[in-house]
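Okay, so here's the structure we're looking at.
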Amino acid sequence: MADDKKLTPRSEDFATWYNEVVQRAELADYSPVRGSMVIRPWGYGIWENMQRALDDMFKETGHENAYFPLLIPMSFIEKEKEHVEGFAPELAVVTQAGGKELEEPYVIRPTSETIIYSMYAKWVQSYRDLPILMNQWANVMRWEMRTRLFLRTAEFLWQEGHTAHATAQEAEEETLMILGLYRTFMEDWIGMPPITGLKSESEKFAGAVRSYSCEALMQDNKALQAGTSHFLGQNFAKQFDLKFQSEAGQEEYAWNTSWGVSTRLIGGLVMTHGDDSGLIVPPRLAPIQVVIVPILKGDDPSAVLEKVDEVAGRLKAAGVRVKIDARDNLSPGAKYYEWERKGVPFRLEIGPKDLEKGSVALARRVVPDGAKRKSFLPEAQAVAEMPDLLEAFQSELRDAAKARREENTVRGVKSLEELEEALDGGAGFVFTGWNGEPAVEDAVKERTKATIRCLPGDEFRSAETPSKCVSGSGDSVTEVAWARAY
RNA sequence: CGGGGCGUGGCGCAGUCCGGUAGCGCACCUGCUUUGGGAGCAGGGGGUCCCCGGUUCGAAUCCGGGCGCCCCGACCA
């Protein structure tokens, strides 16, 4: 008999492990539509918690939500040259509606810069109308050749922020502020600490002047671009006539930024924290933080169920998201495996023995070295300490991920041979000098499949600034972080 | 688009080479006994064998043509 209860171990086949976790933790499932997935309640619940946290952060920094159409006139996409070149191959186009051929085709938005800035142009006359700070929660579609659950789907959910400013400096400050906001969110909520920095010219967003990104390191040591923030300059403003009259009375084009994170973050969460038993959800994002499994013995389960209700009520009052799993068709062990697979941080078991002793059994989803998975403690203590236990669990996940990122980062690499050796030896990020030439990126990619993930920001740079380019030709003009990427 | 693997009850698979009217495990339903790490026994329900065409008395199986999915590559915020 094939044992289909166990997951493929990460060490055996990371890609298969990932697919199994996503499906068996009920995050998502394949749909009848090519490349599009169904996000199931457990996955969507995590996304809702991400949305809530991010939305609060956007509002705190002065942004408002709005909504723009799904369909964008083809001519809009074509206005910005680099933009259309970047997106043309992956557009889905609507040519018919109402039983008739459309006069002008619509594209299903791959991103909304064009339609949003066309509207901003209507709304802005004076510098007094700026800045405009808007965000949209939406779905977008990009017809990718090869898709993977959450990491690259044809349709995905995201937020896209779009701002317009009177000066380049203000727009640049916005771009970097959002980059920092994303980083904080990834560290404090997902427990997935990224490195951040500027994209190289070849990797920047189609239509941007500069792109910044958050790059997180997964357990297989591949990098995941987890969020981007773009300084668009006046590229779109000029094409969509987004002008304003300045304080000095001059007519000027506005300066734009755009920035986004998507449901890809859920894929990042899985590959950052998951283990061979399944998913592990950071407490702040977990739809259920504590599951209570009643142990029902003998003829009369009512006393245990009453106690379970009472404990759940007190945990809820303390702000903890609790679920009672009182299904009577499953044994306790089967429930344990299920909730562990789904990544719930803590489990409480309450049975007849606990009623006698006033205790509960507390099991952790992640067991620290040398500790035991289960501990037995007084009920009052378990309830009182739970909020702190959840926060401690959250921090442990983040710290472990950060430690893993640093352990797998190699600095001070000075030649292509060393770079290749490091990557083949399983390194994640490899820091080197770079002369700024795209030819070096091509050569490295050809040889190692790694790309420049970013030109790291101040605090991620090495103590010793590299002086020579990793290619051996010329001086380094900047340090760069290389990695194989998703 | 190139290479590889695969389409058979909800899931995972066997059966295909060698044609004979579909089977196993899990899941599901009913009953009883159970429940502190994937419960047991008994009974039961469920399948256009991816699609179209051909060969044949007869096709999951043979032949031809499609379609779809997964992995690796190429490509891609």
Side-chain angles (χ1 to χ4, degrees), chain A residues 1-6 8 13-20 22-24 26 29-37 82-83 85-91 110-111 113 140 142-149 151-154 156 158 160 199-200 202-208 210-215 224-230 232 258-262 264 277-278 293-299 301 304 325-341 347-357 359-363 373-374 376 445-446 449 451 453-454 485-486:
Chain A
M1 185 185 86
D3 186 3
D4 62 354
K5 287 177 175 173
K6 288 207 166 40
T8 300
D13 184 341
F14 195 79
T16 299
W17 168 84
Y18 174 80
N19 284 329
E20 288 177 0
V22 168
Q23 288 184 85
R24 295 190 48 201
E26 296 181 5
D29 202 355
Y30 296 105
S31 82
V33 182
R34 195 205 79 103
S36 295
M37 63 177 177
E82 286 184 14
H83 195 60
E85 281 172 6
F87 283 104
E90 46 190 71
L91 292 179
T111 180
E113 276 79 4
V140 289
R142 300 177 186 180
W143 210 259
E144 303 284 358
M145 305 267 284
R146 191 174 148 217
T147 57
R148 295 196 60 189
L149 295 169
L151 301 175
R152 185 176 295 104
T153 46
F156 57 95
W158 76 344
E160 47 182 326
K199 280 293 192 187
S200 71
S202 67
E203 295 269 337
K204 76 173 188 189
F205 176 69
R210 281 189 290 282
S211 290
Y212 297 86
S213 78
C214 295
E215 301 283 334
L224 181 74
Q225 180 173 300
T228 48
S229 184
H230 312 290
L232 303 176
S258 71
W259 28 275
V261 296
S262 72
R264 174 182 264 196
S277 300
V293 177
I295 308 300
L296 306 172
K297 283 184 187 167
D299 296 332
V304 168
D325 185 354
R327 289 175 292 178
D328 61 3
N329 59 329
L330 292 180
S331 69
K335 294 177 187 177
Y336 303 164
Y337 281 102
E338 179 175 329
W339 293 112
E340 280 168 16
R341 198 160 55 237
R347 176 179 78 238
L348 288 179
E349 300 163 22
I350 299 178
K353 287 181 203 165
D354 300 298
L355 294 195
E356 290 170 22
K357 292 189 250 175
S359 66
V360 296
L362 174 69
R373 175 163 52 192
K374 266 192 213 183
F376 299 88
K445 188 172 184 183
E446 174 75 21
K449 292 176 193 160
T451 49
R453 300 323 302 161
C454 69
Y486 276 93

_Is there, by distance only and without an angle test, a donor paired with an acceptor across the side chain of A:Lys374 and the base of B:rG36 below 3.5 Å?_
no
_Side-chain donor/acceptor of A:Glu340 to base of B:rG37, under 3.5 Å_ = yes
Of the options [options], whose atoms approach the side-chain atoms of [X] most closely?
X: A:Glu144; options: B:rC71, B:rC76, B:rG36; result: B:rC76
X: A:Glu349; options: B:rG36, B:rG73, B:rG38; result: B:rG36
X: A:Asn329; options: B:rC71, B:rC28, B:rG36; result: B:rC28
X: A:Ala334; options: B:rG36, B:rG38, B:rC76; result: B:rG38
X: A:Arg341; options: B:rG38, B:rC76, B:rC71; result: B:rG38

Considering only atom [atom1], compute the distance from [N] to [M] and round it to an integer number of Å.
N: B:rC69; M: B:rC57; atom1: P; value: 38 Å
N: B:rG31; M: B:rG47; atom1: C1'; value: 27 Å
N: B:rG38; M: B:rC26; atom1: C1'; value: 11 Å
N: B:rG15; M: B:rG9; atom1: P; value: 16 Å
N: B:rG68; M: B:rC29; atom1: P; value: 36 Å
N: B:rC17; M: B:rC62; atom1: P; value: 5 Å
N: B:rG37; M: B:rC32; atom1: P; value: 26 Å
N: B:rG3; M: B:rG19; atom1: P; value: 31 Å

*Would you say A:Glu203's side chain and A:Arg453's backbone share a donor-acceptor pair under 3.5 angstrom?*
no
_Main chain of A:Ala363, side chain of A:Tyr336: is a donor-acceptor contact present, judged purely on distance under 3.5 Å?_
no
_Note: A:Arg341-A:Glu26 ion pair, threshold 4.0 Å (strictly below)_ = no
_Between A:Lys335 and A:Glu349 (salt bridge meaning N to carboxylate O under 4.0 Å), is one present in this structure?_
no
Nearest-Å distance, [atom1] ([X]) to [atom2] ([N])?
X: A:Asp328; N: B:rG31; atom1: CG; atom2: P; answer: 11 Å
X: A:Met145; N: B:rG73; atom1: CE; atom2: C1'; answer: 11 Å
X: A:Arg264; N: B:rC76; atom1: CZ; atom2: P; answer: 14 Å
X: A:Leu91; N: B:rC76; atom1: CG; atom2: P; answer: 15 Å
X: A:Glu20; N: B:rC70; atom1: CD; atom2: P; answer: 15 Å
X: A:Lys204; N: B:rC76; atom1: NZ; atom2: P; answer: 16 Å
X: A:Asp13; N: B:rC70; atom1: CG; atom2: P; answer: 15 Å
X: A:Asp325; N: B:rG36; atom1: CG; atom2: P; answer: 14 Å

*Which comes earlier along RNA chain B counting from the 5' end, the contact point of A:Lys445 or that of A:Pro352, where each point is its nearest nucleotide?*
A:Pro352
*A:Gly351 or A:Phe205, whichever maps to the more 5' nucleotide of RNA chain B*: A:Gly351
_Nearest non-hydrogen partners of A:Asp325 and A:Pro294, listed with the distance_ = O-CD, 3.1 Å
What's [X] touching, base or sugar-phosphate or nothing? Going by heavy atoms closer than 4.0 Å.
X: A:Trp143; answer: nothing
X: A:Arg347; answer: base
X: A:Tyr30; answer: sugar-phosphate
X: A:Phe14; answer: nothing
X: A:Lys353; answer: base
X: A:Pro89; answer: nothing
X: A:Arg373; answer: base
X: A:Ala361; answer: base

*Under the side chain to side chain donor-acceptor pair (under 3.5 Å) criterion, do A:Ser359 and A:Asp354 qualify, and how do the steps go?*
CA-CA 5 Å; A:Ser359 66; A:Asp354 300 298; 2.9 Å; yes
*Kindly say if A:Asn19 contacts the phosphate of B:rC71, meaning a side-chain N or O under 4.0 Å from OP1 or OP2.*
yes
_Residue pair A:Ser277, A:Glu340: steps toward the side chain to side chain donor-acceptor pair (under 3.5 Å) verdict_ = CA-CA 7 Å; A:Ser277 300; A:Glu340 280 168 16; 5.3 Å; no
*Mind checking which stems touch RNA chain B? I mean at least 3 consecutive Watson-Crick or G-U pairs, both distances under 3.5 Å.*
B:1-7 with B:67-73, B:10-13 with B:23-26, B:28-33 with B:39-44, B:50-54 with B:62-66
*For the side chain to side chain donor-acceptor pair (under 3.5 Å) test, which of A:His230, A:Lys204, A:Lys199 pairs with A:Ser211?*
A:His230
*Can you check whether A:Ser36 reaches A:Thr153 side chain to side chain, under 4.5 Å on heavy atoms?*
no
*Do the side chains of A:Leu362 and A:Arg347 get nearer than 4.5 Å, heavy atoms only?*
no
*Check the geometry between A:Tyr337 and B:rG38 and answer yes if their rings are stacked (centres below 5.5 Å, planes below 30°), otherwise no.*
yes
